[in-house]
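Have a look at the structure below before the remarks.
Whatever order the structure lists them in is the order used to number ligands and atoms, beginning at 1. Model, not experiment: these values are computed from the prediction.
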Amino acid sequence: MNSPNDQAILDAFRRWGYLAADLDPLGYLKPLAPPELALEGETAARARRWYCGTMGAEFMHIPDGERRQWIAERLEGEPPSVDSQRVLERLVRAGTFEQVLQSRYIGTKRFSLEGIVALIPVMEEMLDCAAGSGAEQMVLGMSHRGRLNVMVHIVGRPAEDIFARFEDVDPRSFLGGGDVKYHLGATGNYVTPEGRNVEIHMVSNPSHLEAVDPVAMGRARAKQARLCGRGTTCVLPVLLHGDAAFAGQGTAAETLNLANLDGYSVGGTVHVVVNNLIGFTANPQDTSSSRFAADVAKRLPIPIFHVNAEDPDAAVRAARWAVEYRYQFHSDVVVDLIGFRRHGHSEIDDPTTTQPVRYRRIAELPPVWDSYARRHQIDPAPRVAEIRGEFEAALKRARTIRKNPRLSQLPSYWDKFQGGAYDPALEVETAVCPEELRAVGELMVRVPTGFSVHPKVKKLLDQRMQMAQGRHAIDFGTAELLAYGSLLRQGVPVRLTGQDSRRGTFNQRHATLIDTGTEAAYTPLANIAFPQPAFEVYDSPLSEAAVLGFEYGYSRDYPETLVLWEAQFGDFANGAQVLIDQFISAGEDKWGLLSGLVMLLPHGYEGQGPEHSSARPERFLQLAARDNTQVCQPTTAAQYFHMLRRQPLRRWRKPLVVFTPKGMLRHPAAMSPLQDFTSGRFQTVIPDREATDAKRVLLATGKIVHDLRAERKKRGDTQTAVLALEQLYPFPEKEIMAALNQHPSAREVVWVQEEPANMGALFFVMPRLRRLARPRAVRSVKLSASPSPATGSGKGHEVQQKTLLALAFATAKAV
Ligand SMILES: Cc1ncc(C[n+]2csc(CCOP(=O)(O)OP(=O)(O)O)c2C)c(N)n1
């Protein structure tokens, strides 16, 4: 038993010891001398050894005493033994790989790991330990630094395959597509010394640092759902972060916040900060406001092991404890591996212009294997020579490779799906027979006995049931749940997340019901089928980037599931612009990777101001090329139903961007009769059912279609047809032609949009429409160009809307 005084000493070191630890091989991050540690005596000496050596652990901020105790026991106990021969072998391999690349491809970017090659034995230790705890797969998100080294030494890709990428043997296969080698994903198999297998999935990622974090987590969650139901043992997510990126990028902080949330938890992610104390040319004091880049992780109640990368034994121990901790407590954990960067940011960059003193010192440092071998009294020279020989032989083989080697293989659950160009033959039946619709309608409003539904919600549920029975026209909210319910009963899992998505921002969904007496939650659609495929609906945290990235990741590893992300208003989706640009739009083109993710983006001009009006259709249309996405704006409930259903039922896996209604959710004009659900399909263009042989044709998309029809009625106009463009991309040329041809006397086609001239679909539609409508005249009606999407004045909006409608119905001469 420690005396009270000893206890106080231990507590002081447990709490502050990491500040005095020797963590930076170059000594820039000077150990501090907190006054709390100015203690003498045997206990203090022991505690100093445990807490102020080459590892410093931050853990006293964790509220749970059992977890603090767990860490203290490890740091204060006998250090676990490390197989120094094995560690040395890895250090030599990792270092020599870089050196061989350096001498053969001098001045070619590779983002060397030198200065932190301890990462390789660290990752091996993690894998060995995780495999021992039941891991079958690791999902690995990482950036450029050391990526090629990790591909060879952890993922197990043959070195010659990487070298062949340097030779750029097959440029023709990449014309207009593909990606650079240090962003590609890779898959492989890691075998532990005990012979256990761990599949490694290194996630493809863009240059945009940290953007891959939520994607990797979402992938891990999907794999866990596949492999071990709701368990998290079988798949270990690991994220490697650069120090400047981890401190600076909001996505990293947003992603950390997912750790302990029911809808997003993966049972703990292991984070490694590959901390070279530099970001391109910037020094840490300019990139982080706190002492450690990893301080951002202290938003979570989790431990951070800071460790000096020039002491690989300490680093390996930190790795082991990190993984053990993850498995013990299902918690995130951080290893902050502090080293240096031997070369410039990339190998074409000279760091001596910005850090001349630092780089003079670095030039004098031998490779880490050298000091490690000396410390363990091993002569590394023979192995160094042999390993160099092996890599040089691989280089020779690489020069004989003629086709770019594939670094990854898709799991077999992708076999039955396809991407590429749209083909009408891919379409499937989406109508549902009346009996089934009625059954779904009844089941989706059923609650357990004794469950008290709020009276307002009860009224809505009653209406829903009547709608499904064909007694009333069906509204959007009901159509959506009927789509999910009918899919579930066909065996299709559904996952929907977004801010306030369980109820729905506009009170339209109520997918989860709340008991008025107990606040217990009940989700009828999760109890609608037997066997019941997963129906997950979660209120997401207030994040766009992390949540959208997560759902994209989920869709990447569960292509059978209808995965939907909903923005509170479409206007907020640009908070996730990097995920949209870099993954969702370009993923197939860069990496050949498909996704069937749906983005639900409330859109429409209703006088709610500049940030509650526009989901920015122009941006999604600008990103559209080579059938990479689908962009739709259904104007009726039945259209929404068929569009949602066709998404998972087709073999075609393409992201789907949907501009969803707000004010129109309950508008009679947007409701559909039951027979539109029990027959028909999604129509990319809705022809005009009222005007026949019109003199003018108005083409529009979304809410304004209804406004135009109402205006036409008000005017008693019989000369004008109004066509609804329900799918903007892939652009339905044939269907537009067919709809126009129903009005052979029309001399004029007018594109009408409520967005300003520099926004909306105008730029996209007009050139195409001009071509299709020839010889008819084509003009457009829209708001004047504007830097912000909408006016802040409700009345101003009404005036604009009136003018728009007037212009739409004015003849060409009058305008
Ligand atoms: C979001 C984003 N902003 C800027 C860049 C440009 N950039 C590439 S690497 C880098 C420095 C990264 O430093 P760090 O995170 O410490 O990683 P290191 O390269 O030192 O391993 C920067 C600013 C980028 N890739 N992504």
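The shell of residues lying under 4.0 angstrom from ligand 1, judged by heavy atoms, excludes V274. Look at H241 and you'll find every heavy atom at least 4.0 Å from all atoms of ligand 1.
For atom 7 (N) of ligand 1, the closest heavy atom belonging to the protein is L209 CD1, 4.1 Å. Given atom 9 (S) of ligand 1, the protein heavy atom at minimum distance is H345 CE1, 3.0 Å. Among protein heavy atoms, the minimum distance from atom 3 (N) of ligand 1 is reached at Q249 NE2, 4.4 Å. Atom 13 (O) of ligand 1 has G279 CA, 3.3 Å as its closest protein atom, hydrogens excluded (heavy atom only). Of all protein heavy atoms, the one lying nearest to atom 17 (O) of ligand 1 is G242 CA, 3.7 Å. In this structure, atom 15 (O) of ligand 1 lies nearest to the protein heavy atom A245 N, 2.8 Å. Here the heavy atom of the protein found nearest to atom 21 (O) of ligand 1 is R145 NE, 2.9 Å. In this structure, atom 11 (C) of ligand 1 lies nearest to the protein heavy atom F280 N, 3.6 Å.
The existence of a salt bridge linking K654 and E588 is confirmed by a sub-4.0 Å separation between a basic side-chain nitrogen and an acidic carboxylate oxygen. R93 has a carboxylate O that lies under 4.0 Å from a charged side-chain N of E89, or vice versa, which qualifies the two as a salt bridge. Looking at R86 and D128, a side-chain N of the basic residue comes within less than 4.0 Å of a carboxylate O on the acidic one, giving a salt bridge. Salt bridge E125/R320: present, at least one basic N to carboxylate O contact under 4.0 Å. Salt-bridge check for D311 with R375: passed, with a basic side-chain N closer than 4.0 Å to an acidic carboxylate O. Salt-bridge formation is not detected for the pair R104/E392: no Lys NZ or Arg NE/NH1/NH2 atom is positioned less than 4.0 Å from an Asp or Glu carboxylate oxygen.
With rounding to the nearest 0.5 Å, the separation of CZ in F572 from CG in L542 is 8.5 Å. Here Q568 contributes atom CD and L601 contributes atom CG; the two are 12.5 Å apart, rounded to the nearest 0.5 Å.
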Exercise for the section: Go through F97 and F391 one step at a time and tell me if the ring pair (Phe, Tyr, Trp, His ring centres under 6.0 Å) criterion holds. Expected result: CA-CA 7 Å; F97 172 78; F391 283 128; 5.6 Å; yes
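Using a 4.5 Å cut-off on side-chain heavy atoms (C-beta onward), R110 and Y105 make no contact.
Residue S207 has at least one N or O atom closer than 3.5 Å to an N or O atom of ligand 1. The shortest N/O to N/O separation between R341 and ligand 1 does not fall below 3.5 Å.
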For residues 577-586, which side-chain N or O atoms pair as donor and acceptor with protein atoms under 3.5 Å away, sequence neighbours left out?
from, atom 1, to, atom 2, distance (Å)
Q577, NE2, D581, OD1, 3.1
S585, OG, I580, O, 2.9

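Contacts with ligand 1 closer than 4.0 Å are made by no heavy atom of E210, backbone or side chain. When heavy-atom distances to ligand 1 are checked against a 4.0 Å cut-off, N276 comes that close only through its side chain, counted from C-beta outward.
Each of the following atoms of ligand 1 lies closer than 4.0 Å to a heavy atom of A244: 13 (O), 14 (P), 15 (O), 16 (O). Against a heavy-atom cut-off of under 4.0 Å, H144 is close to the following atoms of ligand 1: 9 (S), 18 (P), 19 (O).
Atom 23 (C) of ligand 1 is not flagged as protein-proximal [any protein heavy atom, distance under 4.0 Å].
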